[in-house]
Structures are given as C-alpha cells and as structure tokens.
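Being a predicted model, the structure only gives us computed values, none of them experimental. All heavy atoms count here, side chains included; hydrogens, waters and symmetry mates do not.
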Amino acid sequence: MVLSIVCFIAARTHADPDLWGHVRFGQDLLTEGFSTTDPYSYVTGDQPWINHELLSEIFMAAAFNGLGAPGLAILKLGLILITIGLLYRRLLRQQLHPLRAGIVVVVVLMLMSVGLWTIRPHLFTYLFFLLTLLLVDAAERKSKWAFWALPAVMLVWANTHGGFLAGLGIVGVWAVAHLVLAGLSPPVKETAPHGPIALVLLVVACTGATLLNPYGANLLVFLLRTATVARPEIGEWQPISIGSPEGIAWIVALGATIVALIRTKQMRRPALLAVFAVTALLPLSALRHVPLFALSFAVLIGEHLAEAWNRWSPPDRSSQRPVPMAATWLLAAAFLVAAVPRLLCIRIEPSFVRFPAKAVAMMRASDVRGNVATFFDWGEYIIWHLGPQVRVSIDGRRETVYSPESYAKSMAFLYGIGQWDANVDDVRTDMVLIGRDQPTYNLMRLKPGWQLIYEDSVSALFARPDSPQLKSLRGAIAPDLPPDGAGLCFP
C-alpha cells in the first residue's frame, strides 16, 4: 500500500526545459554514436561538448523511442519506485513498524519533491547515491563485498550523471573519518572496519573508476570546476528556504535525528555520522541537494530512529485491529489505477515554465532555417522542434558546451543589461525569439535593423529586414495552439 501511494505521487510529471534536449541528444547517441561536436548551436565553435549525462540520455531516448511519452513517465516512475522501495525495505529491516516506516517515507518524499516531478538524469543520481550509502553502511559493518563494490557503482554512475561527485564525496568523507579515528585512542581505533591501506586503496579505486568514461580525466576536472559556479537564475541552486515545505521537512528531519541520537542504544558510528553531517549541511548551499540529505537521513539515522521510537512507544501488534488483506489490496489497486492517467501525458505546465508553443509551431510550418538568439529555458525546446536546421544561441546545457563568454552574453541578453545586444549584433544571428515579459522585448522593438514578425501573449519573433527567412515567416500561418503550451503533452 505504501508503494502504491508512492506510485500515485510519483506518476505526476510535467515537462521541464531540459527534457526536450535529453531525449534528442539520447536519440543522437543511439543513431550516430558518441561525439564531442555540437550541431545545435551557432556560437559554440570549437568548444568541446562534455556531456556528463550520456547513459541517462540513452535510457531516456530508448524509453521514448519504444513507448513515446508514456515510456519516459514509466522510466521515471520505475527509478523512483526502485529507490523508495529499497529505502522502505531498509527501514523495515531496521525494525521500524511498517506504518512508521511509511511515515518516514512520506518525510523523505517531501524532501525529495524538488526532483520528483520532472524526468531528469538526477533520478539516476538519487538511485546511485542510495546504493552508495547502503554499501558504505554495509562496509562499516565489515562487509568486504560491499567495500569493493563501491568502485563498480562509481564506474556506472560516472557515465550516467555528473552527480557521481556526491558519491565520491561520501566515500572520501567516510574514509578520511576512519583514518582520523585510527590515530586516536585504541578503543576507537578498534572499531575501524578496514585498515588504513584498504581505505586509501578504496578512494583511489573509486576515483580511478570515474575516469573510465569517454572524456577521461577531463570529465572530473570539468565537473570540479563548474560545480562551484553560482547560478542565481536557477531556483534549485539557491539555498533552502526554512519557510518552504522542503525547509520545514528538513528541520523536522534534523530534529528527529537529534532526538534519535540522544535516546538510541545502538552504536553511534562516528564515520557514518560524519557522512550524515556533511549531507545535512548541503541544503544550505543549494536546494537541489535536499534529496541527497533525505536519503542519508533514512539510511544512516534509520536504525537509531527505529530503536528510539520503539522504546518510546512499543508497537503492540496484539492491540491493533487487523486490516483485512483484501481491503489493503483494493486500496493499493485504487492508487495504481488513479496513477495510470498521469503516465499517459507529460504535460506542459505554464505555472512551471511557459514555452513558445505557437511561435515555434509557426516557425516549423514555414520550414525556416537559420540561427536564432533566445534564452536557455527555450533553447532545447527549439532544438527539439526545429534543430539542427535552426540553431540556437544558448540552451540548458550551459557550461557543458558553452564557453563562459558565450554564457555571459546570453545572461546579458536575458536580463537586458550591459551589452545585451552582443548576440543580436552577431552577423550569424538571423532571428530573435524572446518572451514578452523579458526586458529584452522592449529593447528589441527599439533596436534598429530588426523587425517584429510575430508575437502573441508569450513570445515575440524578430528578424532582420534583409533576412532570407523574412518572406517565409510572414507567409506562415500560426497553428491554433495555446501560446504557452498549456495543456499540451510532450513532445
């Protein structure tokens, strides 16, 4: 019943700006193979494309090629169910009553909500992060197979999503904590599950495994350089807000952790607590780290929470009224049936992101070709519908394919500040597609040498007066679509 509720919640899906690109780039990998050359932008030049999401995009493309949008939704749902299922099983094995384990799962889902409503490679990172935590916990309890299984996880993870840096960090913190403990008093030293040499070899092996990717060491260097870049224009890169639902759930989880660690009679393992402390601080740097904290909380604090909870309020099964099995299955079936319609359509939700559906459909009907200056939220939407015949000035791949200079120009264009028209004045730029609510819209209306060709309540399309695309664009008929894509399904 718990997993059927998770299924119903996780089946809700809407399209995010990167979905269009993930599927298209995965299709290119399946049909054309690996390449570091980008065919979708006209400003990247010789900048190599370091795609740190190769395997995840291949899985997404295969799911879409096989079943369309429902295939993507099923892939997403499967990843979430596997992750939460493993977590729930873990909580049960730590002697939590099934109902109480379900309550913990609800808290975890609240903390992970920031990453559950869209289909993104981050879902693979959640699963691999959980596997890393489980293996580190097993290695802490002197499991040799778990200890040496960690490099294999890092190998696959490094070719799936750049979030493997979090996994390397977990292994590194755990190993360093034990190396520090090894130099302390003998009673603490005796609790070390593995020797210092083995710990050093593990870190080396895990790091070496991440280098087995198409880019080699360049991938690790690239991610270490870009992971610290500020992204003020992206909400999930901002620190967690204490007053938000995720912030409240974070405080509740931290409070439960403190109480559990005070009351528990289970062994408090310093190295594991060091790992948990690091993950607990991560949300203070970026909201996107909250799901990692949620998984760490359930795995590393679960046994202490279960022991303290059971001592405070023993689950007396004999005093509970039994629930008929048929009723449980019927309730679970009801949630599963209710989840099915959610799997059939990946909706465009204007409250999340408004896409220029009508403008792009009009451009497609005109069979237009050329280069269009836009902003990163719309880049991959344009790539999916018009690329590579129409190439963009920026898209959601950001640092993976665009130089810092190119990205800076795009941000100035987005906000209409500084040399906002650097991309507009580029002789390679044939068209400009921007939002009506952007400052650049009014600036473009006053910009000499550009004409407004089309506009609706969401977007505006400009072209040069001498542009070869001008005639075909003016003759195109805008399809009868919602300007912001409201109610439409991917793709």
Scan residues 260-283 for pairs that pass ring-ring contact (aromatic ring centres under 6.0 Å, His included), counting only residues two or more places apart or in two chains.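 Applying ring-ring contact (aromatic ring centres under 6.0 Å, His included) to every pair that reaches into residues 260-283, excluding sequence neighbours, yields F276-F293.
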
Considering all heavy atoms, the nearest [X]-[Y] contact:
X	Y	result
A209	L155	O-CD1, 3.5 Å
D484	I348	O-CG2, 3.8 Å
V43	S393	CG2-O, 3.3 Å
P17	E380	O-CB, 3.5 Å
L30	A62	CD1-N, 4.0 Å
P270	L181	CB-CD1, 3.9 Å

Check this for me: does any side-chain nitrogen of one of R354 and D377 sit under 4.0 Å from a carboxylate oxygen of the other?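 No.
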
Ion pair present between K409 and E405, side-chain N to carboxylate O less than 4.0 angstrom?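 No salt bridge links K409 with E405.
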
Close side-chain approach of [X] to [Y], heavy-atom, < 4.5 Å:
X	Y	result
L123	T118	no
L86	L131	yes
L414	T440	no
L72	K76	no
N159	P214	yes
R397	Y40	yes
L77	L81	yes
W174	T132	no

For the residue pair [X] and [Y], is the inter-centroid distance of their aromatic rings smaller than 6.0 Å?
X	Y	result
F335	W329	no
F490	W20	yes
Y402	Y407	no
F34	Y215	yes
F25	W49	yes

With [X], which residues qualify under salt bridge (Lys or Arg N to Asp or Glu O under 4.0 Å), at least two apart?
X	answer
D18	none
E349	none
R347	none
R90	D137

Look at atom [atom1] of [X] and say whether more than 12 heavy atoms of other residues, nucleotides or ligands are closer to it than 6.0 Å.
X	atom1	result
I197	CD1	no
R93	CZ	no
Q419	CD	no

Would you say the side chains of [X] and [Y] form a donor-acceptor pair under 3.5 Å?
X	Y	value
S403	S406	yes
S113	E246	yes
T125	H161	yes

I'd like to know if the side chain of [X] and the backbone of [Y] have a donor-acceptor N/O pair within less than 3.5 Å.
X	Y	result
H289	P283	no
T400	N51	no
E307	K265	yes
S244	I242	no
T31	Q27	yes
N213	T210	yes
R342	F8	yes
Y126	L295	no

Please tabulate, for side-chain N and O atoms in residues 297-304, each donor-acceptor pair with protein atoms closer than 3.5 Å (sequence neighbours left out).
from	atom 1	to	atom 2	distance (Å)
E303	OE1	R141	NH2	3.4
E303	OE2	R141	NH2	3.0
H304	ND1	T264	OG1	3.3

Yes or no on side-chain hydrogen bond (donor to acceptor under 3.5 Å, both in side chains) for R288 and H122, after CA distance, side-chain angles and deciding distance? CA-CA 9 Å; R288 64 186 292 140; H122 295 82; 2.2 Å; yes

Nearest-0.5 Å distance, CD of residue Q266 to CZ of residue R268: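 Those atoms lie 10.0 Å apart.
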
So how far is it from L130 CG to L135 CG, rounded to the nearest 0.5 Å?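 The CG atom of L135 is 9.5 Å from CG of L130, to the nearest 0.5 Å.
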
For N310 and Q95, what are the C-alpha separation, side-chain angles and deciding distance, and is it a side-chain hydrogen bond (donor to acceptor under 3.5 Å, both in side chains)? CA-CA 8 Å; N310 290 339; Q95 306 305 312; over 6 Å; no

Please determine whether ring pair (Phe, Tyr, Trp, His ring centres under 6.0 Å) holds for the pair F64 and W384, giving the CA-CA distance in whole Å, both sets of side-chain angles, and the decisive distance to 0.1 Å. CA-CA 13 Å; F64 179 79; W384 172 265; 5.6 Å; yes

